[in-house]
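Not measured: the values here are computed from a predicted model.
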Amino acid sequence: MALFSFKKKKPPAPPVIGLTLSGGGMRGIAHIAVLKALEEYNLKPHIISGTSAGSIIGAFYSFGKTPEEMMEIVKQTSFFSRSSLKLSKNGIFSSNFILKLFKDYFPEDNFGILKIPVYVAATEMTHGIVDFFSEGELFGPLLASSSVPFILPPVRIGEKIYVDGGVLDNLPIEPIMDKCNFLIASHVNSISYDELSKMSLMKEFDRILHLAIAKSVYSKAKYCNIFLDPPKMTKYSLFNKRYMDEMFQQVYDYTCQELEEKGFRRSI
């Protein structure tokens, strides 16, 4: 009589979730809403990449700040205030308010304090390429990644000069694509077409910038398992947080709806 042995099948390994966060100035607050929704649907990322505001939000989240704590930090912090006006040849504002934010909430200027791997994108000016930072000093890369041209001054790291990573790569999925098997991207700059009759100089700058880089951003959507692109985001300012609560709620509701439609269910 033949004897058969049956091996128990191993349960499938849980997915390694990667999350890419776009730039977007103060619209980066919307990423906090995305993170809150992802947590509630049991989609907490294991690895993060980001540019500009997305890199800062990613770093705070990786350090251990909850979405609620990050929203409180935003409410308590002054961004692009009159006291930061500089009006120099290198930028309208001083970047000291961003550096102060890092010093106030991070205990050390080093990627080693982060609990989730984070890749920070910044545009290297001389050769016109994107560099990714994931180790060593933390504040310089975050500052460089966020230095919107003409608004904030460029940042020197070593012998190189950097500006905002979004100039060349506003959705930097590249450094984490081969390190995860489930990729989520959050893009917070979808263009609103309802505002053309009332455009300030800053709104015009915002629109030109995101029209110029939109094609390269949307070409990456096909590589993402989930591509989050809440509508009409340019109705919210790059430079002030006046409607931050409204934006947060809109993006949170949008993200939950998208996840529900893709078959995910809230776990809390």
Flag the pair Y41 / F264 as yes when their ring centroid distance falls below 6.0 Å, and as no otherwise. no
*asked:* I want to check a possible cation-pi pair here: K241 against F79, using under 6.0 Å from ring centre and within 45° of the ring axis as the test.
replied: no
Query raised in the report: Has M125 got more than 12 heavy atoms of other residues, nucleotides or ligands less than 6.0 Å from its CE?
Result: no
### Query
Does the S52 side chain pair with the main chain of G54, one donor and one acceptor, at a distance under 3.5 Å?
no
inquiry  = Main chain of L152, side chain of S147: is a donor-acceptor contact present, judged purely on distance under 3.5 Å?
reply    = no
Exactly one candidate in I57, I32, V118 meets side chain to side chain contact (heavy atoms under 4.5 Å, CB included) with L21; the answer is I57
#### Entry: No-hydrogen, no-angle side-chain donor-acceptor test under 3.5 Å, Y105 and E69
no
Which of L114, D109, I113 passes side chain to side chain contact (heavy atoms under 4.5 Å, CB included) with F111? It is L114
| said: With a sphere of 6.0 Å drawn around CD of E135, does it hold more than 12 non-hydrogen atoms of other residues, nucleotides or ligands? | reply: no
Note: L143 and F102 closest approach over all heavy atoms is N-CE1, 4.1 Å
Closest non-hydrogen atoms of S146 and I56, given as atom of the first, atom of the second and distance, are OG-CD1, 3.3 Å
No-hydrogen, no-angle side-chain donor-acceptor test under 3.5 Å, Q249 and D245: no
Surrounding NZ of K115 (heavy atoms of other residues, nucleotides or ligands, distance under 6.0 Å), is the total greater than 12?
yes
Would the number of heavy atoms belonging to other residues, nucleotides or ligands and lying under 6.0 Å from OH of Y243 be above 12? no
Ring pair (Phe, Tyr, Trp, His ring centres under 6.0 Å) test vs F133 passes for just one of F139, Y119, Y162, namely Y162
**Report entry** E246-Q250 side chain donor-acceptor pair, cut-off 3.5 Å
**Finding:** no
Next on the checklist: Does the plane of the ring in F63 sit parallel, tilted or perpendicular to the ring in F106? Use 30° and 60° as the thresholds.
Outcome noted: perpendicular
